[in-house]
Amino acid sequence: MDCFFVSCERIREPKLIGNPVIVGMGYVPGLSRGAVATASYEARAMGVKSAMTISKSISLISDKDIDPSSEKSGYYRPVDIQFYKEISGSFRSLLDEFSDTTRHIGIDESYLDVTKETNWESVLNFSQNIKETIEKTIGLPSSIGVSSSMCVSKIASAINKPSALVIVKPQNTKKFLQNLPIERLPGIGPVTSKSLHSMGINTIGELSKTPISELKYRYGSKGLDLANMANGNDRKKVFSMGPRKSISRESSLAKITINYDEKKEIIEKLSLDLGSRLAYSNTLFRTVSIKLIEPPYKIHTRTISVPNATNDVDVLKSSAIYLLNEFQETPARKLGVRISNLSLQDVNQTKLENWDV
DNA sequence: TCTGGGGTCCTAGGACCC
DNA sequence: TCTGGGGTCCTAGGACCC
């Protein structure tokens with residue numbers, strides 16, 4: 001989806017269409033707080049970028065709801081993740097009608113296996129049809145990339161945003177990737193990118209010429225993935241999502257605190273929050289983790305596993321608090337609780353226990 | 001540059017088992 | 001008392017993604 005959060009706001013508030021729009025996390029209407037989650041393309045053209053502070057953004061584009069007379073003005077809205085999730089759901093089910101094999105990633109991105117289309121002409125029609133249907137029935141603008149691999153399709157979908165349709169035929173893959181910066185490859189973040197630049201590798205073409213042995217030596221299994229992607233040999237298949245591996249809750253503190261009771265209270269609240277999600281599913285957990293971010297940004301994690309899978313909220317809560325004990329004196333800016341090692345409750349559990357007896 | 005919330009995968013070391 | 005080879009599970013941290 002193109003600037004998904006903004007597009008969602010435009011669905012329920014059409015006056016935002018065509019105007020600069022900024023959706024901010026931690027933003028409170030009327031205050032210059034928080035950071036930019038998503039900016040419309042009109043706002044981006046005026047210099048607003050993701051993750052920029054709202055106050056910086058307001059210095060570029062003032063808030064039209066506050067100052068309607070201003071020449072350079074746009075609309076600011078807080079993130080309403082529940083609403084976006086609803087829209088995401090309808091867009092996913094729409095895509096599921098187009099292909100048996102879909103993989104939905106995050107809130108606004110999906111892969112479709114369209115191998116059954118037999119030629120590129122039909123792929124083009126198919127893709128245009130999807131794009132128009134999403135636009136007409138849900139009101140969402142989107143960009144689509146088509147190729148013979150997930151990796152190249154992803155890059156292609158992003159290369160001409162917004163509202164783009166890019167098809168890369170197999171014989172053109174090398175040429176397409178050749179001069180793109182390595183940052184376009186999924187899996188290359190700030191750390192890997194810096195490391196590759198230090199080796200003099202700046203484009204995907206240059207990466208593809210680097211000996212695989214060297215990439216493997218420096219980056220382990222990831223090095224092999226990089227080599228494959230750079231050569232357009234990404235063999236990952238589109239498959240539906242497996243079961244969820246972990247569930248977590250975290251929250252940034254209004255103020256950095258060192259006080260143990262305050263930290264404990266937050267950990268308890270997050271645990272209960274997680275627990276309430278378990279109550280209505282038949283999910284069991286075996287492992288509990290906490291996360292504590294110490295200023296300026298040092299991440300600590302502690303983990304403990306219990307012998308038997310459970311959905312007992314008290315076990316969750318007391319485990320989390322037990323783990324917190326090690327950080328009695330540590331200042332925290334953010335705290336989180338996570339459960340993992342998930343399994344589904346076995347309906348025959350009781351029977352089995354009886355057998356054990 | 002500063003740092004929201006929810007995830008996944010990988011690595012490396014340690015404990016433990018046969 | 002010293003310690004092979006092969007394996008599993010657990011934990012802490014890091015990198016990355018939307």
Side-chain angles (χ1 to χ4, degrees), chain A residues 1-5 8 23-28 33-38 49-57 78-82 84-85 88 91-92 103-111 150-151 154-155 157-158 161 182-196 216-226 229 236 241-254 256 266 270 273-274 277 285-307 319 322-323 326-327 332-342:
Chain A
M1 296 299 117
D2 299 330
C3 56
F4 182 60
F5 291 4
C8 290
V23 178
M25 52 193 164
Y27 167 71
V28 179
R33 264 182 35 193
V36 176
T38 308
K49 292 195 169 95
S50 265
M52 178 181 274
T53 59
I54 293 289
S55 56
K56 168 85 178 153
S57 165
V79 169
D80 180 356
I81 203 76
Q82 278 314 317
Y84 311 152
K85 277 185 183 167
S88 174
F91 128 72
R92 285 178 175 190
R103 184 173 167 84
H104 306 294
I105 311 263
I107 201 169
D108 72 336
E109 182 174 311
S110 296
Y111 292 90
M150 288 176 74
C151 165
K154 181 177 172 60
I155 296 172
S157 75
K161 272 177 168 292
I182 47 171
E183 286 78 10
R184 286 277 182 185
L185 282 181
I188 296 192
V191 177
T192 314
S193 133
K194 193 176 167 201
S195 162
L196 287 170
K216 271 213 259 197
Y217 174 72
R218 291 180 81 118
Y219 304 110
S221 69
K222 186 179 180 146
L224 187 60
D225 291 344
L226 291 181
M229 286 193 295
K236 285 195 291 294
M241 295 286 274
R244 181 188 298 279
K245 304 269 168 52
S246 68
I247 310 175
S248 63
R249 276 282 173 275
E250 55 186 66
S251 103
S252 289
L253 281 49
I256 291 165
I266 293 161
L270 293 169
D273 222 41
L274 264 187
R277 267 181 80 173
F285 64 88
R286 266 198 57 222
T287 303
V288 177
S289 308
I290 63 162
K291 172 159 99 176
L292 182 152
I293 300 188
E294 181 184 357
Y297 209 73
K298 169 105 185 105
I299 301 172
H300 301 277
T301 59
R302 288 296 178 273
T303 299
I304 193 167
S305 298
V306 297
S319 304
Y322 168 78
L323 294 170
E326 203 183 316
F327 300 106
R333 65 185 300 164
K334 184 171 182 174
L335 288 163
V337 178
R338 180 165 59 103
I339 50 177
S340 54
N341 243 317
L342 305 179

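Note on naming: letters A, B, ... go to the chains in the order of the sequence lines (proteins, then strands), and numbering restarts at 1 for each one. Below, each value reflects all heavy atoms present in this structure, side chains not excepted, and no hydrogens, waters or symmetry copies.
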At under 4.0 Å between heavy atoms, what does A/Thr192 touch on the DNA or RNA strands: base, sugar-phosphate, or nothing? sugar-phosphate
For the student: nearest non-hydrogen atoms of A/Cys151 and A/Pro186, plus distance: SG-CD, 4.0 Å
Those residues that, when tested against A/Arg333, pass side chain to side chain contact (heavy atoms under 4.5 Å, CB included) (two or more places apart): A/Ile256, A/Ile293, A/Tyr297
Testing the basics here: between A/Ile54 and A/Ala35, what is the closest heavy-atom pair and its distance to 0.1 Å? CG1-N, 3.6 Å
On the 0 to 90° scale, with breaks at 30° and 60°, tag the A/Phe4-A/Tyr84 ring pair as parallel, tilted or perpendicular. perpendicular
Closest approach of A/Val36 to A/Met25 (non-hydrogen atoms, all atoms of both residues): O-CE, 4.2 Å
Evaluate the side-chain proximity of A/Ser289 to A/Thr301: yes if any heavy-atom separation is below 4.5 Å, no if none is. no
First and last nucleotide of DNA chain B, 5' to 3', lying under 4.0 Å from heavy atoms of chain A: B/dT3 to B/dT11
Can you run through DNA chain C from 5' to 3' and write each base as (, ), [, ], | or . depending on how it pairs? Watson-Crick or G-U wobble, both distances under 3.5 Å. ....||||||||||||||
Distance between the C1' atoms of C/dC18 and B/dT3, in whole angstroms? 16 Å
Could you tell me which non-hydrogen atom of A/Arg184 sits nearest to which non-hydrogen atom of A/Ala158, and how far apart they are? NH1-O, 3.7 Å
Assign each of A/Lys222 and A/Arg277 to its nearest nucleotide of DNA chain B by heavy atoms, then name whichever residue's nucleotide is nearer the 5' end. A/Arg277
Among all residues two or more places apart in sequence or in another chain, which pass the ring pair (Phe, Tyr, Trp, His ring centres under 6.0 Å) test with A/Tyr219? none
A/Ser289 near the nucleic acid: base, sugar-phosphate alone, or nothing, with a heavy-atom cut-off under 4.0 Å? nothing
Would a distance-only check, ignoring hydrogens and angles, find a side-chain to backbone donor-acceptor pair under 3.5 Å from A/Ser88 to A/Ile107? yes
Is there side-chain contact between A/Lys194 and A/Pro190, with at least one heavy-atom pair below 4.5 Å? no
Within the structure shown, what part of the strands sits under 4.0 Å from A/Gly187 by heavy-atom distance: base, sugar-phosphate, or nothing? sugar-phosphate
Expected list for residues 333-342 of chain A near DNA chain B, using heavy atoms below 4.0 Å, is A/Arg333, A/Lys334
First of A/Ser248 and A/Ser221 reached from the 5' end of DNA chain B, by closest nucleotide: A/Ser248
Candidate pair A/Ser340 and A/Ser246, rule side chain to side chain donor-acceptor pair (under 3.5 Å), full reasoning: CA-CA 4 Å; A/Ser340 54; A/Ser246 68; over 6 Å; no
Between A/Lys222 (side chain) and A/Gly187 (backbone), is there a donor-acceptor pair under 3.5 Å? yes
Please list, by residue number, the residues of residues 291-304 of chain A whose heavy atoms come closer than 4.0 Å to an atom of DNA chain C; answer none if no residue qualifies. A/His300, A/Thr301, A/Arg302, A/Thr303, A/Ile304
Where is the tightest heavy-atom contact between A/Lys161 and A/Met1, given as atom of each residue plus distance? NZ-O, 2.9 Å
Once you apply a heavy-atom cut-off of 4.0 Å, does A/Arg33 come out as touching a base, just sugar-phosphate, or nothing? nothing
